[in-house]
Amino acid sequence: MKRSSTARPVEPGRNETRIVVLLCALAALRVFLFSAAFPFFNNVDEQAHFDLVRKYARGHVPAALAPLDPDAARYMILYGSPEYLVPAGRFPGGATPPPVWSLPFDGIRTAFESRVSQMAKDVNHESAQPPLYYAVAGLWYRLGWTLGLRGGQALYWIRFMNVIVCALLVWLAYLFARVLFPANGFLRLGVPLVAAFFPQDVYYSVNNDVLLPLVGGAALLALLVLARGEAKGYALHAVAGLLAAATVLVK
């Protein structure tokens, strides 16, 4: 007798689900550790993205290129780590100065406020970016504020939203693998494994690229299911449309 070459879909067992949940947790832990380890602000426009998150948190949506918020500028100067933005050789004596928060504030108050006023005149070139990430991050920021997080704690709280996003992305990768490779257990676990440990540092900072893989991937998955004719009714059509629109509003 000839064996059938057609592979039957294999229903994922409880152990497989547990493994994927573990991968989600490990990805979340990785993002948490590196987000906490790197000081603010990095050189991938994290200052500009933070400024917009604060503006959206207050309900202010810029209608055009706008200057930095003075309060955001205070955060940037007080908690910023200059070695990320300025080569060490440009500092006097070639030595990186200590962070501002470690200095006696009474001695630097005048220079600090003068620098804030000067920095607040700079135009935030990210002001014209689509709004969805900043709206979500702004709500997350307000949640942290409600929980009593202030100062540097509030800064890291914004980054820690990426922990949840990355975990959801790993689960989304698993759903993709289940749709595309229903009979191949190796690939069903291999795809989320790659997503969990792929060396991508975008999740370690405040930036509007964070939501794009999750929202865009969810839209692609919904459209894939529709194209295969597996969906019944109009609910998934509506969800796919909303996800596609959200993808454009992210980036």
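Being a predicted model, the structure only gives us computed values, none of them experimental. Computed over heavy atoms, backbone and side chain alike; hydrogens, waters and symmetry mates excluded.
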**Message:** Does Arg142 have more than 12 heavy atoms from other residues, nucleotides or ligands lying within 6.0 Å of its CZ?
**Reply:** no
**Request:** Look at the side chain of Arg159 and the backbone N and O of Phe32, then say whether any donor-acceptor pair between them is shorter than 3.5 Å.
**Result:** no
**Heavy-atom donor-acceptor pair, Trp140 side chain to Trp157 backbone, under 3.5 Å** = yes
**Complete:** Tightest non-hydrogen contact, residues Ser205 and Val210, listed as O-CG2, 4.2 Å
**Candidate pair Tyr156 and Phe40, rule ring pair (Phe, Tyr, Trp, His ring centres under 6.0 Å), full reasoning** = CA-CA 9 Å; Tyr156 282 99; Phe40 279 83; 4.9 Å; yes
**Asked** Ser35 side chain to Tyr203 main-chain N or O, any donor-acceptor pair under 3.5 Å?
**Response** yes
**Prompt:** Any chance the side chains of Arg30 and Tyr204 put a donor and an acceptor closer than 3.5 Å?
**Reply:** yes
**Request:** Please determine, by modelled atom types, if His49 and Tyr133 share a side-chain donor-acceptor pair under 3.5 angstrom.
**Result:** no
**Asked** When rounded to the nearest 0.5 angstrom, what is the spacing between CD in Glu126 and CG in Asn207?
**Response** 9.5 Å
**Asked** Has Gln118 got more than 12 heavy atoms of other residues, nucleotides or ligands less than 6.0 Å from its CD?
**Response** no
**Asked** Knowing that exactly one of Leu23, Leu169, Leu172 qualifies, which makes a side-chain contact (heavy atoms from CB on, under 4.5 Å) with Pro192?
**Response** Leu23
**Any side-chain heavy-atom pair of Pro131 and Leu249 under 4.5 Å** = yes
**Request:** Go through the structure and list residues passing side-chain hydrogen bond (donor to acceptor under 3.5 Å, both in side chains) with Asp51, not counting sequence neighbours.
**Result:** Lys55, Asn124
**Message:** Under a plain distance cut-off of 3.5 Å, with no hydrogens placed, do Tyr174 and Glu16 share a side-chain donor-acceptor pair?
**Reply:** yes
**Complete:** Distance col, row Arg74:CZ vs Met119:CE, nearest 0.5 angstrom, shows 12.0 Å
**Fill in**
Ala244 meets the side-chain contact (heavy atoms from CB on, under 4.5 Å) criterion, sequence neighbours left out, with none
**Fill in**
Separation between CG (Leu52) and CD (Gln129), nearest 0.5 Å, reads 8.0 Å
**Fill in**
To the nearest 0.5 Å, atom CZ of Phe41 lies from atom CD of Gln47 at 6.0 Å
**Gap between atom CG of Leu224 and atom CG of Leu175 - 0.5 Å precision** = 11.5 Å
**Message:** Tell me if the CZ atom of Phe34 is crowded by more than 12 foreign heavy atoms within 6.0 Å.
**Reply:** no
**Message:** To the closest 0.5 Å, what do you measure between CZ (Arg178) and CG (Asn184)?
**Reply:** 14.0 Å
**Request:** For Trp171 and Cys166, indicate whether the former's side chain and the latter's backbone hold a donor-acceptor pair under 3.5 Å.
**Result:** no
**Prompt:** At their closest point, which heavy atom of Ala173 faces which heavy atom of Ala195, and how far apart are they?
**Reply:** CB-CB, 3.9 Å
**Complete:** Those residues at least two apart in sequence (or on a different chain) that pass side-chain contact (heavy atoms from CB on, under 4.5 Å) with Val250 are Leu132, Leu211, Leu212, Val215
**Request:** Check the surroundings of atom CZ in Arg115: do more than 12 heavy atoms from other residues, nucleotides or ligands lie under 6.0 Å from it?
**Result:** no
**Request:** Keeping the roles fixed (side chain from Asp45, backbone from Ala48), state whether a donor-acceptor pair exists under 3.5 Å.
**Result:** no
**Prompt:** Given Met76, which of Leu68, Val116, Asp69 fulfils the side-chain contact (heavy atoms from CB on, under 4.5 Å) condition?
**Reply:** Leu68
